Amino acid sequence: MSNASVWRPMAQNIEFDALESNANAVIAVADTVRTTLGPKGLDKLLIDQAMNRHVSNDGVTILLSLKTIHPVARMVVEIAERQEQLVGDGTTTAVVMAAEMVKEGKRLIKELGVHPTKVVEGIESGVHYACELLERAARRITVDGVELEHVVNTSLASKLDGKRLASLVIHAIRSVNHNALHNGSYDFDRSIKVVRRMNVDDKVVSGLILERGRLDRDLPPEVRDARILLCRLDLKPVKESWLKGNSRYEDILTMEKDRVAKAKEMVDAMLATGANVILIASPEIDDAVENLLISRRVFGALISTDEIEHVARYTGAKPVRIMDDLRQDALGHADRVYEDEDNSIIYIEGGKNRNIVTIVVSGTTKETSLERWRAARDGVNAAEAALNKGIVAGGGAAELHVIDKMKGLKLKGLEQVGVDVVAAALESIMRQILTNAGFNGLEKVMTAKALPDTFGIDINTGEPIDMMEAGVLDPLLVKTTALKAAGEIAKAVLRIDRNLAAEDLSQQALSESKR
Ligand code: ADP
Ligand code: MG
């Protein structure tokens, strides 16, 4: 007796309208991005109401820019966004796989009468097994190995100017000091910054960039052997509220004298530390303080609280919050601090800890610089994932070869259902990449299935190749995260049997209704 017939009686009570409409929404979302998948994927031209346009190949960017769409489609977009945040790549993969799982799950429910909860359980175990098998197939890589280059190149293969961006990313990763791993793993959010600027050449700066100018143009634009003070002191000795509460002329006069004296005291104490660069991230700064700093000709700049942490980590400076902490040992060090005056950017290079590099990505227009910036970040994220968890064969090969192994697991009755659903998703990646390259994807996948584990189909010739040898490599983490994300979407969609119009679903209304 097949699994399907066991569940038919229950499933017959289920309404299919919602399932149909929700499944179609997921599939429609996937259809908007599936043709971008892989190196031969095409771009989308996004146009808004004001006729602003943006050309993109990036799954998440395209999805986020779609106008009001079906609520279930929104959910897909949110999960793609989470994929982006978690691993920074593989969003199209996740969405394409989700659509495939939904399609197959719907077929099982509608045509074969399998109960939705069983399909959902099946997906859960299917995803679990598939991830385990992918993990088993993964290989470790190192910063110096050629695989790092391959994985970054693969991740950027579909991007505008991908080769060039990939070489910037690789150069950046190899020039940063990795001695201080964060909890034993690479954390490029902390060590590799990607900024975008127009009118500046692409480059890797071994240091930090602050996107602002110094306090005054008359100050020297460059300091070598920089002793850096990170100031978080309260630099506004007299508050506005004092002025509001006091209007007597004598009081104001005394206050004014006091203000200048205090400002002088603060600036003197700052300079007594031996600092020749002062970076200020105080909430407020009195004019008197600013003017004094300028007249003493120290290189000063106002920075944001976010930047403090970076400067501190890079130069070894300890942010100073109270006057007592103004000591020489609070200073950080960098070989050189200078401002590119044409672009109002301050560079801090050769910091004591050598643990941050910045990739500067240019673009002739705002949109190209944005797209290139996103691509460079994809490359950095892919590299991080690959270094931390290893790599698998790309081009959809790793996914495809997991299918047979899953089938070989001899799973019990309903777990087999999950295998079917997940297998449909696993197959779809290679099929889509090859379809996008102009081949009959279905037919090519059939050929590839019979090949050894790391083999797939060359997107240029249509002939079998070993993806590992050819250097088409994907980070394991991107694949497993995408698979799990797809599973989440499919499970959620397949469980819904009705869409109901609700009065008010804001958080407040929901919590009140609970009371
Ligand atoms: P995503 O948004 O999912 O990252 P991409 O458009 O970046 O989508 O495509 C990623 C897929 O393209 C991966 O599966 C990767 O293995 C595949 N890919 C990259 N380069 C090649 C290549 N030369 N041959 C075959 N597949 C490739
Ligand atoms: Mg990608």
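What you see below is based on every heavy atom in this structure, not just the backbone, and it leaves out hydrogens, waters and symmetry mates. Counting begins at 1 with the first residue of the sequence. The structure displayed is predicted, hence computed values, not measured ones. We count ligands from 1, going down the list as the structure has it; atoms in each ligand are counted the same way.
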Taking atom 17 (C) of ligand 1 as the reference point, the nearest protein heavy atom with its distance: Ile433 CD1, 3.7 Å

Where ligand 1 meets Thr93 - atom numbers and elements under 4.0 angstrom, heavy-atom basis: 1 (P), 3 (O)

Closest heavy-atom pair and its distance - Tyr186, Leu387: CD1-CB, 3.6 Å

Atoms in ligand 1 flagged as close to Gly394, the criterion being non-hydrogen separation under 4.0 Å: 16 (O)

side-chain contact (heavy atoms from CB on, under 4.5 Å) partner of Val127, chosen from Glu488, Met101, Glu132: Met101

Atom indices of ligand 1 within 4.0 angstrom of Ile459 heavy atoms, with elements: 22 (C), 23 (N), 24 (N), 25 (C)

Proximal atoms of ligand 1 relative to Asp89 (non-hydrogen, under 4.0 Å): 4 (O)

For Thr36, the ligand 1 atoms whose distance to one of its heavy atoms is below 4.0 Å: 6 (O)

Atoms of ligand 1, numbered as shown, that sit under 4.0 Å from any heavy atom of Ser158: 5 (P), 6 (O), 7 (O)

Step-by-step side chain to side chain contact (heavy atoms under 4.5 Å, CB included) determination, Asp31 to Arg34: CA-CA 5 Å; Asp31 285 345; Arg34 68 168 71 245; 2.8 Å; yes

Pro39 to ligand 1, any heavy atom closer than 4.0 Å: yes

Within-shell test, Glu399 vs ligand 1, heavy atom, strictly < 4.0 Å: no

Atom indices of ligand 1, in the order listed, that fall short of 4.0 Å to a heavy atom of Leu37: 3 (O), 6 (O), 8 (O), 9 (O)

N-O pairing of Lys407 and Asp404 below 4.0 Å: no

Exceeds 12 heavy-atom contacts within 6.0 angstrom, atom CZ of Arg174: yes

